[in-house]
There are 2 protein chains.
Amino acid sequence: MQSKISRQIKIKKILKKNYISSQEELVQYLANDGIEVTQATLSRDFRELGVVRTSATEGSKYTLTIDESGKQIRKLIAFEILNYEHNEHMVVVRTLAGRAQGVAHYIDKLNSEFIIGTIAGDDTVLIIPNSIKNISNLIEVIHKIMNEDQN
Amino acid sequence: MQSKISRQIKIKKILKKNYISSQEELVQYLANDGIEVTQATLSRDFRELGVVRTSATEGSKYTLTIDESGKQIRKLIAFEILNYEHNEHMVVVRTLAGRAQGVAHYIDKLNSEFIIGTIAGDDTVLIIPNSIKNISNLIEVIHKIMNEDQN
DNA sequence: TATAATTATGCAAAAAAATGAATGAGACGA
DNA sequence: TCGTCTCATTCATTTTTTTGCATAATTATA
């Protein structure tokens, strides 16, 4: 029996390549790969991975959503952000090298009313508030992201 | 604050702002923030976070390395990569939306002899081999990254 | 080199996460 | 409405991870 993460990696691959329309079906696919799990576990995996049922031409199938709502993504972002600073006009977030684009993308997708845009370099994200009056609200948003750890 | 991840986030912040030259010292800082841990735990945290002792002007201090060797980064990359495909000339890796830059950065830093460069869009990384003869070696590298989960 | 200071690690306990079995909940067609 | 199918959830259990303590190993210092 492999680890959870390797099972989830496998799930991503299978969903990408095959037409899977029920969790039980995926149980079979995984079994063929020597991974034994029950439907209950897949239900949880799907939630964590952000898998959704989409209606295809023939019936419906499961697809990977590339959305940013998964719990793992949130943890990931928290890990990537090192710190932040701000002045009266904007907030600058420092990230691990090469991760700024990803962090900015996540922040964009939050659709926060306080943010009108982000710009990302290699390890720096610039966040522009909709008003300088909202800098503090904006900081609160960032702070929350950094301390993301509730399950 | 209780979880490991939030403690490590805090550690990153503290190291960034303060001059910490021993693990015991950090124990104190954390205690001031209401986080109680022992030196043993910090020793392990440092390894996981890639914290190193650097010699500063006055003595030595601990610094965050922004390197790509940490175990957490490897797991993260494996999570971000969805799949890959290739033709005779190159390999194309698909990632979660907005994560391609980060993945490409990681791949660059591998300094693989088989890779002469990467180009990243939003969710796609193009990897160019040093020779078309090495496509298979290159694929092996990618494959290994995707299945990164040994502890 | 000897001593002190600091960090890493083996081990056991505690805490947290993952999992399966059973079952509840919801959708859908007969 | 009833029965069927599928997914989500609860509960109990197993497995894994985290952690502190004690101490070994290492590093710095006199």
Side-chain angles (χ1 to χ4, degrees), chain A residues 1-11 14-15 19-31 33-56 58-65 69-72 74-76 79 148-151, chain B residues 1-11 14-15 18-31 33-65 70-72 74-76 79 149-151:
Chain A
M1 176 58 123
Q2 308 252 29
S3 70
K4 181 184 173 185
I5 185 133
S6 60
R7 180 185 67 243
Q8 293 188 341
I9 288 170
K10 187 72 94 178
I11 289 173
I14 293 175
L15 290 183
Y19 191 98
I20 304 289
S21 56
S22 83
Q23 297 180 356
E24 278 298 344
E25 208 178 329
L26 183 54
V27 168
Q28 290 308 312
Y29 273 83
L30 287 168
D33 278 337
I35 299 179
E36 308 219 337
V37 274
T38 61
Q39 170 271 324
T41 299
L42 294 187
S43 171
R44 293 162 184 135
D45 281 342
F46 278 13
R47 185 174 25 147
E48 290 180 18
L49 291 171
V51 171
V52 296
R53 204 196 243 293
T54 56
S55 55
E58 312 137 37
S60 60
K61 62 171 290 206
Y62 281 104
T63 329
L64 265 179
T65 58
S69 60
K71 155 185 151 189
Q72 299 194 26
R74 294 202 311 274
K75 281 195 174 182
L76 186 158
F79 176 74
E148 183 70 55
D149 59 83
Q150 58 275 27
N151 297 316
Chain B
M1 290 247 206
Q2 48 277 80
S3 76
K4 181 184 173 187
I5 186 131
S6 59
R7 181 185 65 244
Q8 292 188 342
I9 288 169
K10 186 70 95 178
I11 290 173
I14 293 174
L15 290 184
N18 307 87
Y19 190 99
I20 305 290
S21 55
S22 83
Q23 297 179 357
E24 278 299 344
E25 207 178 330
L26 183 55
V27 169
Q28 290 308 312
Y29 272 83
L30 287 168
D33 279 336
I35 300 177
E36 307 221 336
V37 274
T38 60
Q39 168 271 323
T41 298
L42 295 186
S43 170
R44 294 163 184 134
D45 282 343
F46 278 12
R47 189 184 32 197
E48 289 179 20
L49 291 171
V51 171
V52 296
R53 203 197 244 292
T54 55
S55 54
T57 38
E58 311 137 36
S60 59
K61 61 171 293 204
Y62 281 103
T63 329
L64 263 180
T65 58
K71 152 185 151 189
Q72 300 195 28
R74 293 202 311 274
K75 280 195 176 182
L76 187 159
F79 176 74
D149 60 83
Q150 58 275 23
N151 297 317

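Owing to the predicted nature of the structure, the values given are computational and were not obtained by experimental measurement. Every chain is numbered from 1 and lettered A, B, ... according to where its sequence line falls, protein lines coming before strand lines.
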- [ ] Please work out which residues in residues 37-46 of chain B have a non-hydrogen atom less than 4.0 Å from an atom of DNA chain D and list them by number.
- [x]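 DNA chain D contact set from residues 37-46 of chain B: B:Val37, B:Thr38, B:Ala40, B:Thr41, B:Arg44.
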TODO: Return no unless some side-chain N or O of B:Gln23 is found under 4.0 Å from OP1 or OP2 of C:dA5.
DONE: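 The answer is no; no side-chain N or O of B:Gln23 sits under 4.0 Å from OP1 or OP2.
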Open item on the list: Just N and O in the side chain of B:Arg7: are any of them under 4.0 Å from OP1 or OP2 of D:dT19?
Closed with: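 Yes, within the criterion.
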Open item on the list: Please find the pair of heavy atoms, one from B:Gln39 and one from B:Val27, that lie closest to each other, and give the distance.
Closed with: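 Minimum heavy-atom separation between B:Gln39 and B:Val27: N-CG2, 3.9 Å.
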- [ ] Determine the minimum heavy-atom distance between A:Gln23 and A:Leu42, stating which atoms define it.
- [x]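 So the two residues come closest at O-CD1, 3.3 Å.
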Taking [atom1] from [X] and [atom2] from [N], how many angstroms apart are they, rounded to a whole number?
{"X": "A:Glu24", "N": "D:dC7", "atom1": "CD", "atom2": "P", "result": "8 Å"}
{"X": "B:Ile11", "N": "C:dT7", "atom1": "CD1", "atom2": "P", "result": "13 Å"}
{"X": "A:Ile35", "N": "C:dA18", "atom1": "CD1", "atom2": "C1'", "result": "15 Å"}
{"X": "B:Leu49", "N": "C:dA8", "atom1": "CG", "atom2": "P", "result": "13 Å"}
{"X": "B:Gln28", "N": "C:dT6", "atom1": "CD", "atom2": "C1'", "result": "15 Å"}

When rounded to the nearest 0.5 angstrom, what is the spacing between [atom1] in [X] and [atom2] in [Y]?
{"X": "A:Ile14", "Y": "A:Asp33", "atom1": "CD1", "atom2": "CG", "value": "5.0 Å"}
{"X": "A:Arg44", "Y": "A:Thr38", "atom1": "CZ", "atom2": "OG1", "value": "7.0 Å"}
{"X": "A:Leu26", "Y": "A:Leu30", "atom1": "CG", "atom2": "CG", "value": "4.5 Å"}
{"X": "A:Gln8", "Y": "A:Phe46", "atom1": "CD", "atom2": "CZ", "value": "10.5 Å"}

Task: Among D:dT6, C:dT9, C:dT19, the one nearest A:Ser22 by side-chain distance - done: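 Within the option list, the nearest is D:dT6.
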Task: Difference in axis direction between the ends of the helix from C:dT1-D:dA30 to C:dA30-D:dT1, five pairs, 10° - done: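 Helix axis angle between the two ends: 40°.
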Open item on the list: Which residue in the set A:Arg7, A:Lys10, A:Lys4 passes salt bridge (Lys or Arg N to Asp or Glu O under 4.0 Å) when paired with A:Asp45?
Closed with: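 Among A:Arg7, A:Lys10, A:Lys4, the one meeting salt bridge (Lys or Arg N to Asp or Glu O under 4.0 Å) with A:Asp45 is A:Arg7.
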TODO: Could you check whether B:Glu36 gets within reach of a base, just the sugar-phosphate, or nothing at all, counting any heavy atom under 4.0 Å?
DONE: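 Sugar-phosphate, no base atom in range.
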